[in-house]
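Inspection log for the structure reproduced underneath, given as C-alpha cells.
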Amino acid sequence: MCGVVGIVGRSPVNLAIYDALTVLQHRGQDAAGIVTCDGNRLFARKKNGLVRDVFSQNHMIELVGNYGLGHVRYPTAGNSSSLEAQPFYVNSPYGICLAHNGNLTNAAELSNMLVRDDRRHLNTGSDTEALLNVFAHELQTVDRAALAADDIFTAVRAVHRRCRGGYAVTALIVGQGVVGFRDAHGIRPLVLGRRETPDGREHMLASESVALDTLGFELVRDVAPGEAIYLDLNGRVHSEMCAPKAQLNPCMFEFVYFARPDSIIDNCSVYKARLRMGEKLADKILREYPNHDIDVVIPVPDTSRTAAMQVAHHLGVKNREGFMKNRYIGRTFIMPGQALRKKSVRRKLNAIDLEFRNKNVLLVDDSVVRGTTSQQIIEMAREAGANKVYFASAAPAVRYPNVYGIDMPATKELIAHGRSTEEVARLIGADWLVYQDLEDLIEAVGHDKADIECFDTSCFSGIYVTGDVTAAYLNRLEQQRADTTKARSNRQKSLFDDDGRNAVEAM
C-alpha cells in the first residue's frame with residue numbers, strides 16, 4: 001500500500017506535494033519521493049525514510065516547477081531498497097515519471113515480455129518500473145512532439161490490456177501534464193480535486209480525499225475504475241473510459257485499516273463506515289455473549305477507536321483509552337518484516353494500569369492479521385492487572401493472502417488461516433475472541449449512495465476479483481516472499497561490523 005499525489009498548478013507545487021504526502025504518510029513510511037517539472041527540466045528527490053526526514057529546506061528549494069508527483073511507499077514484498085523509491089523515470093519517449101499504488105499480479109510475466117519483446121531495460125524488481133515501461137512503450141508509437149489526449153488514452157488502454165492486478169497510477173509527462181488512471185476493478189483508490197486561484201484553476205489527483213482537504217482542493221469525484229484522467233498544462237481536464245467491462249470493486253481493507261477516517265473513498269465516508277462496523281460488532285457480541293461481564297471497552301490505537309466507541313455505546317459499558325501511543329513509531333502492520341513488527345509493538349504502546357486493574361476488558365482492534373500485535377497487547381493488558389481479556393475484531397478473520405498491494409501474501413503468516421476462532425483465541429491469549437461477520441462488514445461500508453457493485457474481500461473470502469489468481473500463483477508469491485525476506489535479512493547482517501556497529505549510513 002502506498003500513497004500517490006499529482007498536481008498541475010499555476011505556481012510552484014513543491015510545498016503542496018510535500019504537505020499532501022505528510023497527510024498520506026499513514027499509507028507508507030518506508031520511502032518518499034517528489035518529482036517536479038519546470039519547462040522541460042525535471043527535478044527530483046527520493047529516499048528511504050519519512051517525508052519530514054527525506055526533504056530538507058534545501059531539497060524543497062530545488063524542486064521547482066508548476067506540476068509534479070509525490071509518493072510515499074511501504075514495500076509489499078519486504079524490499080525496502082532505496083533504488084525502488086518512487087516516482088520512477090524513463091527518458092524516452094518525452095520523459096515520463098510514474099508513481100503507483102497497488103500490485104500487479106502478472107509482474108513477472110510482464111517484466112519478461114518487456115525485456116524480450118519490447119527491448120526495455122528494467123533495473124529493479126519493482127512492478128512499478130514494469131508498469132512505467134509498458135506505458136512508455138505504448139507512447140513510443142506516437143509520431144509527434146505534442147501529445148493529444150487521445151494518444152495518452154490509447155496508451156492507457158494498452159496498459160489495461162497488458163497489466164493485471166490492482167493499481168492507481170499518477171504519471172508526469174514532460175511538457176504535457178499529469179495523467180492518472182485506476183485499474184478496471186477500482187481496487188486501489190484515486191480521487192480528483194480542483195481549486196480556484198488568482199492565477200487560474202489547479203487540479204490534483206491523490207490516493208485519498210483528505211489530501212485534497214488539507215490543501216484547500218474541492219473533491220470533484222473519484223476516478224472511475226478503468227478511467228484515465230489527463231490534466232494538461234492549460235488547466236483542462238480530459239477523461240475517458242479506457243478499460244472494457246470495468247466494475248467497481250474497491251478494497252475492503254482500505255475502510256477497515258488503511259484509509260484515514262476523515263477520507264471519503266468511492267463516495268463512502270471511512271469514519272461513518274467504521275461507526276457502522278462498531279454497531280454491527282456490538283450486535284454480534286450481544287448475540288453470542290448475551291450475559292457478558294465486560295466492564296470496559298478499550299480500543300487498540302488508532303484505527304479501531306471509531307468502532308470501539310460504538311461497541312461500548314451499544315453494549316452500555318464504559319469506553320476508555322487504555323493504551324498511550326508513541327507517535328514516533330510507525331504503523332506496525334506496514335513495517336517491512338515480521339521481526340521489526342515484533343520489536344515495535346511494545347515500543348509503540350504503553351498500558352495505563354488504572355484502566356485495566358481488576359477489570360474484565362474488551363479490547364477492540366480493526367483486524368487480526370498475523371496475531372503479533374494482538375498477542376502482545378493482550379499480554380500487556382494482563383500485566384496491567386486485567387481479570388479477563390476479551391478481544392473483538394471489527395473485520396472478519398483474515399484467512400487468505402492479499403495480492404493487490406497489501407503486505408499479506410503468505411498464508412503461513414496469517415494466524416486465522418486453517419484455524420477456528422477458538423484456536424486463534426488460545427494462540428493470542430484471549431479469554432474469548434469475536435470476529436465481525438463478512439456480510440455485516442459489507443453492509444457497514446456500503447450504503448445507498450455508494451453505487452458499489454461489490455467489494456474486493458479476497459483476504460477474508462479467498463475470492464479474487466481479477467479472476468487470475470490461482471493456487472500456483474499464490475505458492476509462487478509465497479516462495480518469492482520467503483526468498484526476498486531471506487535476502488533482505490542477509491543484506492541487513494552484512495551492514496554491521498563485528499562489534500555490532502552499523503557499517504553504512506543507510507540501507
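Only a predicted model underlies this, so the values are computations on that prediction, with no experimental measurement involved. The first residue of the sequence shown is numbered 1, and numbering continues consecutively from there. For the numbers below, each heavy atom of this structure counts, side chains included, while hydrogens, waters and symmetry mates do not.
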Counting distance only, does the side-chain N/O of Y94 pair as donor-acceptor with the main-chain N or O of Q140 below 3.5 Å? no
Shortest non-hydrogen contact between D30 and Y74, atoms and distance: CB-CA, 4.0 Å
For T457, is there any backbone N or O sitting under 3.5 Å from a side-chain donor or acceptor partner on S461? yes
Any P189 side-chain heavy atom under 4.5 Å of R27 side chain: yes
Taking the side chain as every heavy atom from C-beta outward, state whether D302 and K325 have any pair of such atoms under 4.5 Å apart. yes
Heavy atoms only: give me the nearest C163-L131 pair and the separation to one decimal. SG-CG, 4.4 Å
In terms of ring plane angle, is the pair F255 and F455 parallel, tilted or perpendicular, where the classes change at 30° and 60°? perpendicular
Between the OG atom in S239 and the CZ atom in F153, the distance rounded to the nearest 0.5 Å is 6.0 Å
Taking the side chain as C-beta and beyond, is there a heavy-atom pair between L474 and V469 under 4.5 Å? yes
Non-hydrogen side-chain atoms of V35 and F43 separated by less than 4.5 Å: no
Under a 3.5 Å cutoff, is there a donor and acceptor pairing between the side chains of T466 and D468? yes
State whether the side chain of D266 and the backbone N or O of C268 hold a donor-acceptor pair below 3.5 Å, judged by distance alone. no
If I take atom CD1 from residue I406 and atom OG from residue S458, how far apart are they, to the nearest 0.5 angstrom? 7.5 Å
Please examine the side chains of F88 and T124, heavy atoms only from C-beta on, and report whether any two atoms are closer than 4.5 Å. yes
Please examine the side chains of D222 and R182, heavy atoms only from C-beta on, and report whether any two atoms are closer than 4.5 Å. yes
Under the 3.5 angstrom rule, does the side chain of N103 hit a backbone N or O of G405 as a donor-acceptor pair? no
Distance check, rounded to the nearest 0.5 Å: I452 atom CD1 versus Q247 atom CD? 11.5 Å
So, D127 side chain and A107 main chain: donor-acceptor pair closer than 3.5 Å or not? no
Check whether N475 reaches the backbone of A471 with its side chain - one donor and one acceptor, N or O, closer than 3.5 Å. yes
In sequence, state the C-alpha distance, the side-chain angles, and the governing distance for T306 and Y271, and then conclude on side-chain contact (heavy atoms from CB on, under 4.5 Å). CA-CA 7 Å; T306 308; Y271 175 74; 3.5 Å; yes
Does N14 reach the main-chain N or O of L63 with its side chain, forming a donor-acceptor pair under 3.5 Å? yes
Please tell me whether D232 and H238 have a donor and an acceptor in their side chains that are separated by less than 3.5 angstrom. yes
Tightest non-hydrogen contact, residues G39 and V174, listed as O-CG1, 4.3 Å
Let me know which of S367, C459, P396 forms a side chain to side chain contact (heavy atoms under 4.5 Å, CB included) with V256. S367
To the nearest 0.5 Å, atom CD of Q176 lies from atom SG of C37 at 10.0 Å
Side chain proximity check, L414 to V369, heavy atoms < 4.5 angstrom: yes
Counting distance only, does the side-chain N/O of S269 pair as donor-acceptor with the main-chain N or O of I264 below 3.5 Å? no
Heavy-atom closest contact (T303 atom, D366 atom, distance): CB-OD2, 3.5 Å
Apply side-chain hydrogen bond (donor to acceptor under 3.5 Å, both in side chains) to Y167 and H160, showing your working. CA-CA 10 Å; Y167 48 90; H160 288 314; 2.8 Å; yes
Going by atom types alone, do Y464 and H185 pair a side-chain donor with an acceptor below 3.5 Å? no
Side chains of T170 and V5 in contact at under 4.5 Å (non-hydrogen atoms): no
Take the angle between the ring planes of F135 and F181 and call it parallel below 30°, perpendicular above 60°, tilted in between. tilted
Got a second to check how far S111's OG is from D118's CG, nearest 0.5 Å? 11.0 Å
Once rounded to the nearest 0.5 Å, what's the spacing between atom SG of C97 and atom CG of L69? 6.5 Å
Side-chain ion pair, R162 and E138, N-O less than 4.0 Å: yes
Would you please name every residue forming a salt bridge (Lys or Arg N to Asp or Glu O under 4.0 Å) with E202, sequence neighbours left out? R195
Carboxylate-amine/guanidinium contact E84 K46, below 4.0 Å: no
Going by side chain to side chain contact (heavy atoms under 4.5 Å, CB included), I173 matches just one of L139, L233, D151, V178. Which one? L139
Under a plain distance cut-off of 3.5 Å, with no hydrogens placed, do S56 and N58 share a side-chain donor-acceptor pair? no
Do Y404 and T105 meet the criterion of a side-chain donor-acceptor pair at a distance under 3.5 Å? no
Which pair of non-hydrogen atoms, one from A259 and one from E208, has the smallest distance, and what is that distance? CA-OE2, 3.3 Å
Pairing of R188 and D183 as salt bridge, 4.0 angstrom limit: no
Sequence-distant partners of R399, salt bridge (Lys or Arg N to Asp or Glu O under 4.0 Å), two or more places apart: none
Check whether any side-chain N or O of Q25 sits under 3.5 Å from a backbone N or O of V72 as a donor-acceptor pair, and report yes or no. no
Run E62 and T36 through side-chain contact (heavy atoms from CB on, under 4.5 Å) and show every step you take. CA-CA 9 Å; E62 293 171 355; T36 60; over 6 Å; no
Test side-chain contact (heavy atoms from CB on, under 4.5 Å) on I96 and N91; report intermediate values, then the result. CA-CA 6 Å; I96 305 172; N91 68 344; over 6 Å; no
For a quick test of reading the model, state the closest non-hydrogen atom pair linking Y89 to G95 and the distance between them. CE1-CA, 4.0 Å
Side chains of H100 and E129: do they bring a donor and an acceptor to under 3.5 Å? no
Taking V210's backbone N and O only, do any of them form a donor-acceptor pair with D262's side chain (distance below 3.5 Å, no angle check)? no
